[in-house]
**Student:** 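The structure under discussion is supplied below as structure tokens; questions concerning it will follow.
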2 protein chains.
Amino acid sequence: MKDISPKLIELFKEGHCTPQIARIAKKLKEPSTTIHYNIKKLEREEKIKAYKAVFNYKNIDEGTCNFILANLKDDNYGDPEQIASEIAKNPKVESVDIVTGDYEIIIKLRTKDNDEYYEYMKKAIKRFGFSKVISMTSLKQIKTEFVNL
Amino acid sequence: MKDISPKLIELFKEGHCTPQIARIAKKLKEPSTTIHYNIKKLEREEKIKAYKAVFNYKNIDEGTCNFILANLKDDNYGDPEQIASEIAKNPKVESVDIVTGDYEIIIKLRTKDNDEYYEYMKKAIKRFGFSKVISMTSLKQIKTEFVNL
DNA sequence: TCATATTATTGAATAATATTCAACTATTTA
DNA sequence: TAAATAGTTGAATATTATTCAATAATATGA
């Protein structure tokens, strides 16, 4: 047995997919060469970043989802981008934004359960120098990544 | 001229992509039939929801991104899911979650600019019966949908 | 424990699909 | 309005996914 699934999930989170030209062509009632041309154009213009999969996170051991609003300690206040890039490296982190308002950073984090979430927070507060932090746990996800659940 | 791009972007937001089995096979150094089998298994088990594109939103007229935290008026308080589903229908809405904490709903909204954002808010507050609302504008996106920008 | 059933792996054959190409059309530019 | 550029398209080709059948590994149950 070759436990390939976790590797596939990892690859699919970021890319390793490709457009279905024939199906789109049929749907839009255009020749597939026309669709092909237009997709390549979108890619050339860098409008498309990646082709990837969206998961039923409950079914892949990432059933817990939290929005974390954080402030940085004064030491790091000047360079939030650097910190944000570090945060982004974690594969459990779905998104990282630097935002306006009472908090500087919003992290969307997907973990297996509350234990894993707690472990993340414990380390993150120390490592990234968060000062004020609040979390909002997603009780119900209606739409993610533009996909209705 | 056939202005196909907007239609493609719409389709790619939700799906119309497919895995690149051959490339994954090469990467993982496994036969493509093995990769194929394992992907189909993930789909059968409903672990994969969709295959879609991620965009450089700045390049597709969705350069403005806001996190909206909202409370519902007492009238709707009992059925936030119904409201959330309505909110999710808007293609500018990337995600909708019902969450713990001071606010009931988090919306991630992508608009062309602040004007479009303002128009959305004006209508949304009325239509969905938001009471307290705060917005956090994303000044810099480091990672979205698991994809580093 | 061992027989049987189920699940997983894989190479070879086939079917489906993307890609290239060249001719043509529409649009933009100067 | 001529020339250049960008977009459309059918036919040919190259890639790739899919099916299939054989085999191997693992799980199940008496």
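Order of the sequence lines sets the chain letters (A, B, ...), proteins ahead of strands, with each chain counted from 1.
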**Student:** Choosing from D:dA17, C:dA18, C:dT10, which nucleotide comes nearest the side chain of A:Ile21?
**Tutor:** C:dA18
**Student:** Measure from the side-chain heavy atoms of B:Lys41 and tell me the nearest of D:dT9, C:dT9, C:dA8.
**Tutor:** C:dA8
**Student:** Of all the choices, C:dT19, C:dG11, D:dA17, which nucleotide is nearest to the side chain of A:Ser32 once you look at every atom?
**Tutor:** C:dT19
**Student:** Between C:dA18 atom P and A:Ile39 atom CD1, what is the distance in whole Å?
**Tutor:** 8 Å
**Student:** Which comes earlier along DNA chain C counting from the 5' end, the contact point of A:Asp3 or that of A:Ala22, where each point is its nearest nucleotide?
**Tutor:** A:Asp3
**Student:** What's the closest nucleotide to the B:Tyr37 side chain, out of C:dA18, D:dT8, C:dT7?
**Tutor:** C:dT7
**Student:** Whole angstrom is fine here: how far is it from CD1 in B:Ile35 over to P in D:dT18?
**Tutor:** 13 Å
**Student:** Should the ring pair A:Phe128 and A:Phe130 be called parallel, tilted or perpendicular, given that the plane angle runs from 0 to 90° and is split at 30 and 60?
**Tutor:** tilted
**Student:** Tell me: NZ of A:Lys2 to C1' of D:dA24, nearest whole Å?
**Tutor:** 11 Å
**Student:** Would you tell me if any nitrogen or oxygen in the side chain of B:Thr33 comes within less than 4.0 Å of OP1 or OP2 on C:dG11?
**Tutor:** no
**Student:** Do B:Leu69 and A:Val99 belong together in a cluster built from hydrophobic side chains that touch within less than 4.5 Å?
**Tutor:** yes
**Student:** In whole Å, I'd like the distance from the CZ atom of B:Arg44 to the C1' atom of C:dT6.
**Tutor:** 12 Å
**Student:** Select from B:Pro31 and A:Lys40 the residue whose nearest nucleotide in DNA chain C is closer to the 5' end of that strand.
**Tutor:** B:Pro31
**Student:** Measure the distance from CE on B:Met1 to P on D:dA6 and round it to the nearest whole Å.
**Tutor:** 10 Å
**Student:** Cationic tip of B:Lys132 within the cone over B:Tyr103's six-membered ring, i.e. under 6.0 Å and within 45° of the normal?
**Tutor:** yes
**Student:** May I have the distance from A:Leu42 (atom CG) to D:dG7 (atom P), rounded to whole angstrom?
**Tutor:** 11 Å
**Student:** Counting only heavy atoms not in A:Asp113 (residues, nucleotides, ligands), do more than 12 fall under 6.0 Å from its CG?
**Tutor:** yes
**Student:** Mind calculating the distance between CG (A:Asn38) and P (D:dA6) to the nearest angstrom?
**Tutor:** 14 Å
**Student:** NZ of A:Lys26 versus P of C:dA16: gap in Å, rounded?
**Tutor:** 10 Å
**Student:** Measure from the side chain of A:Ile4, starting at C-beta and using heavy atoms only, and say which of C:dA18, C:dT9, D:dG10 lies closest.
**Tutor:** C:dT9
**Student:** Please check if the number of heavy atoms outside B:Glu46 that lie under 6.0 Å from its CD is greater than 12.
**Tutor:** no
**Student:** With respect to the side chain of A:His36, which nucleotide from C:dA8, C:dT19, C:dT10 is positioned closest?
**Tutor:** C:dT19
